[in-house]
Amino acid sequence: MSVAAKPVVVFVLGSPGSGKGTQCEKIVSTFGFVHLSAGDLLREERKSGSDDAALIESHIKVGSIVPVEITINLIKKAMQKNGDKNRFVIDGFPRNENNYEGWEKHMNGAADLKFVLLLDCPDDVCLERALKRGQGRVDDNVDAFKKRIAVHENETKPIIEKYRRMGLLRTVSSLASPEEVFEDVKKLFVDI
Ligand code: UP5
Ligand code: MG
């Protein structure tokens, strides 16, 4: 009896506006991965008006992190929905200790985490990009952005350091154009 292979996962982290979504779309079109943006999944759930919608909104608008039980459930459901696919780029997760522990508890053993891609970009450039994006996100204003940067600094960076110590971190500068950044990103995906 053959045992189904575990899904392959790459996490994509980086400051707000560093280009996670942009690079993930390129990874999808070049390498056929499925892109799951934790932020997009939460925004969709918020829109659905479910029981969690108000709680999700209260976190997103100030840039704080939604409890992992909600996020991991959405990620798991999205992975199951793509059950015929086996390779996922998960963008914007895990972003604090609670997220990290939730993944370990629910998914460690159920998925094969290959590496963690960190997109590295100065905060002022990220801010300019987020404000220019024009998608009407409730958190794309200077005040909310500053809070998102602070959360990234205080809560996400310790998780990034954890992955560095585990030898799983791959850092790429995302300061250049999306196409140039992807030239570096591409090299990490050719063998998986
Ligand atoms: N752009 C991209 N790359 C560029 C480049 N190389 N040169 C010039 N321009 C570039 O890019 C941002 C903008 O910059 C776009 O206009 C793009 O064209 C341009 P994008 O690819 O969208 O950047 P990204 O890193 O995805 O930025 P985003 O704002 O989505 O990052 P955040 O991490 O802030 O947002 P996310 O959606 O992940 O999370 C939002 C909120 O959801 C969080 O603050 C939190 O409240 C909540 N959340 C959780 O609680 N838990 C989670 O697990 C995830 C999210
Ligand atoms: Mg994004």
Side-chain angles (χ1 to χ4, degrees), residues 9 11-29 35-47 52-79 88-104 106-107 116-157 159-160 171-186:
V9 168
F11 290 143
V12 181
L13 296 176
S15 298
S18 58
K20 299 183 292 296
T22 302
Q23 292 303 315
C24 283
E25 289 312 316
K26 293 182 180 298
I27 294 163
V28 168
S29 56
H35 174 207
L36 302 180
S37 157
D40 285 349
L41 292 171
L42 288 165
R43 282 183 285 274
E44 274 163 33
E45 184 67 10
R46 176 186 62 179
K47 217 166 60 185
D52 294 327
L55 180 67
I56 293 172
E57 169 70 4
S58 71
H59 282 285
I60 288 185
K61 73 173 185 235
V62 297
S64 55
I65 312 301
V66 173
V68 72
E69 285 69 25
I70 295 176
T71 316
I72 203 96
N73 195 28
L74 295 172
I75 292 174
K76 271 166 87 173
K77 270 204 286 196
M79 287 175 82
F88 297 86
V89 267
I90 301 184
D91 138 26
F93 178 94
R95 52 208 298 155
N96 66 2
E97 185 64 31
N98 167 259
N99 281 184
Y100 177 85
E101 283 171 6
W103 177 267
E104 290 298 300
H106 295 281
M107 294 301 286
V116 179
L117 168 61
L118 172 65
L119 296 173
D120 185 27
C121 190
D123 292 350
D124 56 336
V125 177
C126 290
L127 171 63
E128 198 185 323
R129 288 179 184 175
L131 294 184
K132 264 190 10 205
R133 171 165 43 197
Q135 283 179 355
R137 274 176 47 173
V138 289
D139 55 351
D140 276 349
N141 56 71
V142 176
D143 277 356
F145 189 85
K146 284 187 179 155
K147 289 180 187 144
R148 285 154 66 197
I149 288 284
V151 169
H152 186 263
E153 193 63 35
N154 299 328
E155 299 186 42
T156 312
K157 280 199 174 162
I159 304 305
I160 291 169
T171 304
V172 168
S173 166
S174 59
L175 190 53
S177 71
E179 294 69 29
E180 287 169 304
V181 174
F182 190 58
E183 284 306 308
D184 290 333
V185 168
K186 227 155 97 175

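Counting starts at 1 for both ligands and their atoms, in listed order. Along the sequence shown, residues carry numbers from 1. Computed from a predicted structure; not experimentally measured.
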Short version for R137: what comes under 4.0 Å of ligand 1, heavy atoms counted, is side chain
- prompt: Under a heavy-atom criterion of less than 4.0 Å, does A176 contact ligand 1?
  reply: yes
Under 4.0 Å from one or more heavy atoms of F93, ligand 1 contributes atoms 53 (O)
**N or O contact, V66 vs ligand 1, cut-off under 3.5 Å** = yes
Taking only non-hydrogen atoms of N99 and a 4.0 Å limit, the atoms of ligand 1 in range are 53 (O)
For T22, is at least one N or O under 3.5 Å away from an N or O on ligand 1? yes
Task: Electrostatic pair D140-R148, nearest N-O below 4.0 angstrom - done: yes
What do the steps show when you test I72 against M107 for side chain to side chain contact (heavy atoms under 4.5 Å, CB included), and what is the final call?
CA-CA 9 Å; I72 203 96; M107 294 301 286; 4.1 Å; yes
(request) Assess whether side chain to side chain contact (heavy atoms under 4.5 Å, CB included) is satisfied between V172 and E183, documenting all intermediate values. (result) CA-CA 10 Å; V172 168; E183 284 306 308; over 6 Å; no
- Query: Are R43 and ligand 1 in contact, using a heavy-atom cut-off of under 4.0 Å?
  - Reply: yes
Per-atom filter on ligand 1: closer than 4.0 angstrom to a heavy atom of T71 are 53 (O)
Within-shell test, G17 vs ligand 1, heavy atom, strictly < 4.0 Å = yes
Handout entry: Heteroatom proximity flag, D91 to ligand 1, N/O under 3.5 Å
Key = no
Ligand 1 to I65, heavy atom cutoff 4.0 Å, flagged ligand atoms 50 (O), 51 (N)
Would you find a donor on one side and an acceptor on the other, under 3.5 Å apart, between the side chain of E97 and the backbone of E155? no
The atoms of ligand 1 lying under 4.0 Å from a heavy atom of G21, numbered in the order shown, are 21 (O), 24 (P), 26 (O)
Side chain to side chain, R46 and I60, heavy atoms closer than 4.5 Å: yes
Original post:
Is there a donor-acceptor pair closer than 3.5 Å between any side-chain N or O of S18 and the backbone N or O of C121?
Top reply: no
The atoms of ligand 1 lying under 4.0 Å from a heavy atom of G19, numbered in the order shown, are 2 (C), 3 (N), 11 (O), 20 (P), 21 (O), 23 (O), 24 (P), 25 (O)
At under 4.0 Å between heavy atoms, what of S174 touches ligand 1? The answer is backbone
Checking the N or O distance criterion of under 3.5 Å, is ligand 1 in contact with R133? yes
| request: Under the side chain to side chain contact (heavy atoms under 4.5 Å, CB included) rule, what do I159 and F11 come out as? Steps first, then yes or no, please. | output: CA-CA 12 Å; I159 304 305; F11 290 143; over 6 Å; no
When V185, I90, L118, L119 are each screened for side chain to side chain contact (heavy atoms under 4.5 Å, CB included) with V12, the one that passes is L119
- M79 and L36: side chain to side chain contact (heavy atoms under 4.5 Å, CB included), yes or no, with the steps? CA-CA 8 Å; M79 287 175 82; L36 302 180; 3.6 Å; yes
Taking only non-hydrogen atoms of G92 and a 4.0 Å limit, the atoms of ligand 1 in range are 52 (C), 53 (O), 54 (C)
Report yes or no: does a heavy atom of E180 sit under 4.0 Å from some atom of ligand 1? no
Here the gap from I70 atom CD1 to L41 atom CG, rounded to the nearest 0.5 Å, amounts to 12.5 Å
Distance col, row N99:CG vs E69:CD, nearest 0.5 angstrom, shows 9.5 Å
With heavy atoms and a 4.0 Å threshold, my read on which part of A130 contacts ligand 1 is neither
Q.
Closer than 3.5 angstrom, by distance alone: can the side chain of K47 be matched with the main-chain N or O of A53 as a donor-acceptor pair?
A. no
Within 4.0 Å of some non-hydrogen atom of D139, the atoms of ligand 1 are 40 (C)
Candidates E25, R129, K20, R95; heavy atom nearest atom 38 (O) of ligand 1 found on R95
Note to self: If we only consider heavy atoms of K132, is any one of them less than 4.0 Å away from an atom in ligand 1?
What the structure shows: no
